[in-house]
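Just so we're clear, the structure is a prediction, and the values are computed from it rather than from any experiment.
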Amino acid sequence: MSILESILLGIVQGITEFLPVSSSGHLAILQNIFHVETNGSMLFDIMLHIGTLVAVFVVYYRDIWKMIQEALFMVADIFSNLKTFCLNKVHKTSLKYKRIVHNSYRKFVVLILVSTVPTGILGVLGKDLISAAGETLLIPGICLLITGVLLLMADLAKEGGKLPKQVSYKEGLIIGTAQGFATLPGLSRSGTTIAACVLCGLDRKFAVKYSFILSIPAILGAAVLEVKDVMEDPIAMGEIGIYAIGAVFAAAVGYVCIKTMLLVVRNKKFKYFSWYCFAIGAIAIVGHFLI
C-alpha cells in the first residue's frame with residue numbers, strides 16, 4: 001500500500017464513519033473497484049477505526065470522563081450493597097441499600113452496556129458473513145439502499161425529547177441490535193443507530209451522542225477479537241507507518257464530521273445523505289453485474 005492510498009482510505013473512513021453513508025460499504029466498494037491491496041488489511045482496518053475513536057474521545061471527552069467516573073462509583077456502590085446484604089443477613093439488621101442508578105450519567109452508562117450486548121452477539125455470530133459480504137459489490141449496494149430508507153425515516157420522524165432518564169432499557173436493546181446489523185458493509189453504523197434513536201423518541205442531539213459513544217465498546221471489542229489474527233500475520237514496520245498516516249487522517253476528518261452530524265440531525269437534513277446512498281448503492285449494484 002502506498003502513502004497516498006493510505007491517506008485516501010483514511011479520509012474515506014473519517015468521512016463515512018460519522019456521516020451516515022457507511023464506512024465499510026465505501027471501503028469495500030473502493031477495494032473491489034480499484035483492487036487496493038492493504039497487505040495486512042485487518043490491521044489497517046483496526047488502525048483506521050482507532051483513529052476515528054480518537055475523534056469521538058476528543059469531541060465527547062467531558063461526557064466520557066464523567067461516565068468513567070460514574071461507572072467506577074457504581075462498582076463501589078455494588079460492593080457496598082453486597083457488604084450491607086451480608087450484614088443484614090448475619091446480624092438480622094435492616095440497613096438501607098444504596099441506589100445504584102440515580103443520575104443521568106449512570107443511566108447512560110447502563111444503557112450503553114445494554115446496547116452493547118446485542119451488538120456483540122450479532123458481531124460474533126455474523127463475523128464470517130460480514131467478511132464474505134465485503135468481497136462483492138452487491139451486498140454493500142443493497143445495504144446502502146436500506147441505509148437511504150432509514151435516513152428518510154429519521155428525517156420524517158416526529159421530534160422526540162427523551163434524555164437518558166427517559167430512555168428504557170428495551171429501547172437500549174433495540175438501538176444495540178440496530179448497531180449489530182450495521183456491521184454489514186453498506187449499512188451505515190451511525191445512520192442506523194441515529195435513526196433507531198430518533199425513532200425511539202430520543203432528543204436528536206442526544207441521539208448523535210448516544211450513537212458515537214456507543215461505537216466505542218463496539219470498535220474496541222472488534223479490535224480485540226481481531227488482534228489474534230493480526231499477530232499471526234507479521235507486518236513490516238514500513239507498512240505500519242503507512243497505516244498510521246491513514247489513521248491520523250481518519251481522526252482529523254472524523255472530528256470535523258462529528259461536528260457536522262450535530263448540525264445535520266438537528267436541522268433534519270438526512271435526506272441529502274439518503275439520496276447519496278441511493279445513488280452509490282445503485283452504482284454498486286450495477287457494477288456488480290458489469291465488472
Side-chain angles (χ1 to χ4, degrees), residues 17-25 56 60 63-64 67 70-71 74 100-101 103-127 129-130 133 142-222 258 261-262 264-266 268 270-271 273-274 277:
E17 178 67 30
F18 299 114
L19 297 185
V21 292
S22 179
S23 60
S24 58
V56 176
Y60 292 113
D63 292 294
I64 293 170
M67 290 174 70
E70 291 298 337
M74 288 171 67
I100 305 299
V101 182
N103 61 41
S104 294
Y105 276 109
R106 291 194 178 195
K107 179 68 176 294
F108 196 11
V109 169
V110 179
L111 284 169
I112 292 297
L113 292 174
V114 169
S115 294
T116 298
V117 172
T119 296
I121 293 173
L122 290 172
V124 172
L125 294 179
K127 184 179 179 181
L129 174 63
I130 294 163
I142 293 173
C143 288
L144 278 165
L145 297 183
I146 296 173
T147 295
V149 173
L150 290 173
L151 296 179
L152 284 180
M153 291 173 63
D155 256 2
L156 296 173
K158 63 181 181 180
E159 199 71 29
K162 292 181 181 178
L163 294 174
K165 285 188 175 181
Q166 291 80 46
V167 180
S168 69
Y169 296 124
K170 178 182 177 181
E171 289 166 335
L173 284 173
I174 292 172
I175 295 166
T177 302
Q179 180 173 250
F181 282 113
T183 52
L184 284 168
L187 198 56
S188 167
R189 193 208 64 80
S190 63
T192 301
T193 52
I194 292 174
C197 288
V198 170
L199 292 172
C200 284
L202 273 66
D203 171 80
R204 287 179 178 267
K205 184 178 179 181
F206 178 55
V208 176
K209 182 186 297 185
Y210 197 124
S211 172
F212 293 151
I213 291 181
L214 180 59
S215 72
I216 296 174
I219 293 174
L220 288 178
I258 291 176
M261 274 300 292
L262 289 168
V264 169
V265 176
R266 190 179 303 160
K268 296 186 177 182
F270 265 151
K271 58 180 176 290
F273 293 102
S274 177
C277 287

Value rounded to 0.5 Å, distance of CZ in F18 from CZ in R189 | 7.5 Å
Report the distance from atom CG of L184 to atom SG of C143, rounding to the nearest 0.5 Å.
-> 5.0 Å
Approximate separation, where rounding is to 0.5 Å, of T116 OG1 and I175 CD1 = 11.0 Å
Do the side chains of T177 and L122 get nearer than 4.5 Å, heavy atoms only?
-> yes
Test side chain to side chain donor-acceptor pair (under 3.5 Å) applied to R106 - qualifying residues, sequence neighbours left out = E70, D77, H102
Residue pair C277 / L151, side-chain heavy-atom distance below 4.5 Å = yes
For T192, check side chain to side chain contact (heavy atoms under 4.5 Å, CB included) against everything at least two apart and list the hits.
-> L150, A178, A182, L187
So do the side chains of V167 and C200 get within less than 4.5 Å of each other, counting heavy atoms only?
-> no
Return each pair, listed once, that meets ring pair (Phe, Tyr, Trp, His ring centres under 6.0 Å) where at least one residue sits in residues 103-126; pairs must be two or more places apart or across chains.
-> F108-F206, F108-Y210
Inter- and intrachain pairs under salt bridge (charged side-chain N to carboxylate O under 4.0 Å, His left out), touching residues 192-204, at least two apart | E159-R204
Output every pair passing salt bridge (charged side-chain N to carboxylate O under 4.0 Å, His left out) with a member in residues 165-178, not counting sequence neighbours, ordered by first then second residue.
-> K162-E171
When rounded to the nearest 0.5 angstrom, what is the spacing between NZ in K271 and CG in L152?
-> 9.5 Å
Shortest non-hydrogen contact between S168 and L111, atoms and distance = O-CD2, 3.7 Å
When S211 is tested against each of L202, V198, V265, I194 for side chain to side chain contact (heavy atoms under 4.5 Å, CB included), which residue passes?
-> I194
Is the count of non-hydrogen atoms from other residues, nucleotides or ligands lying under 6.0 Å from M74 atom CE greater than 12?
-> yes
Ignoring hydrogens and angles, tell me if any N or O in the side chain of S274 forms a donor-acceptor pair with the backbone of F270 under 3.5 Å.
-> no
Applying side chain to side chain contact (heavy atoms under 4.5 Å, CB included), name anything that partners V114, two or more places apart in sequence or on another chain.
-> V110, Y169, L173
T183: what forms a side chain to side chain contact (heavy atoms under 4.5 Å, CB included) with it, not counting sequence neighbours?
-> I130
Those residues at least two apart in sequence (or on a different chain) that pass side chain to side chain donor-acceptor pair (under 3.5 Å) with S190 are S188
Between G191 and P20, what is the shortest heavy-atom contact and its length?
-> CA-CB, 3.6 Å
Do other residues, nucleotides or ligands put more than 12 heavy atoms under 6.0 Å from the NZ atom of K205?
-> no
Could I get the full list of side chain to side chain donor-acceptor pair (under 3.5 Å) partners for T119, not counting sequence neighbours?
-> Q179
Go through the structure and list residues passing side chain to side chain contact (heavy atoms under 4.5 Å, CB included) with Y60, not counting sequence neighbours.
-> V56, D63, I64, V208, K209, F212, I213, I258, L262
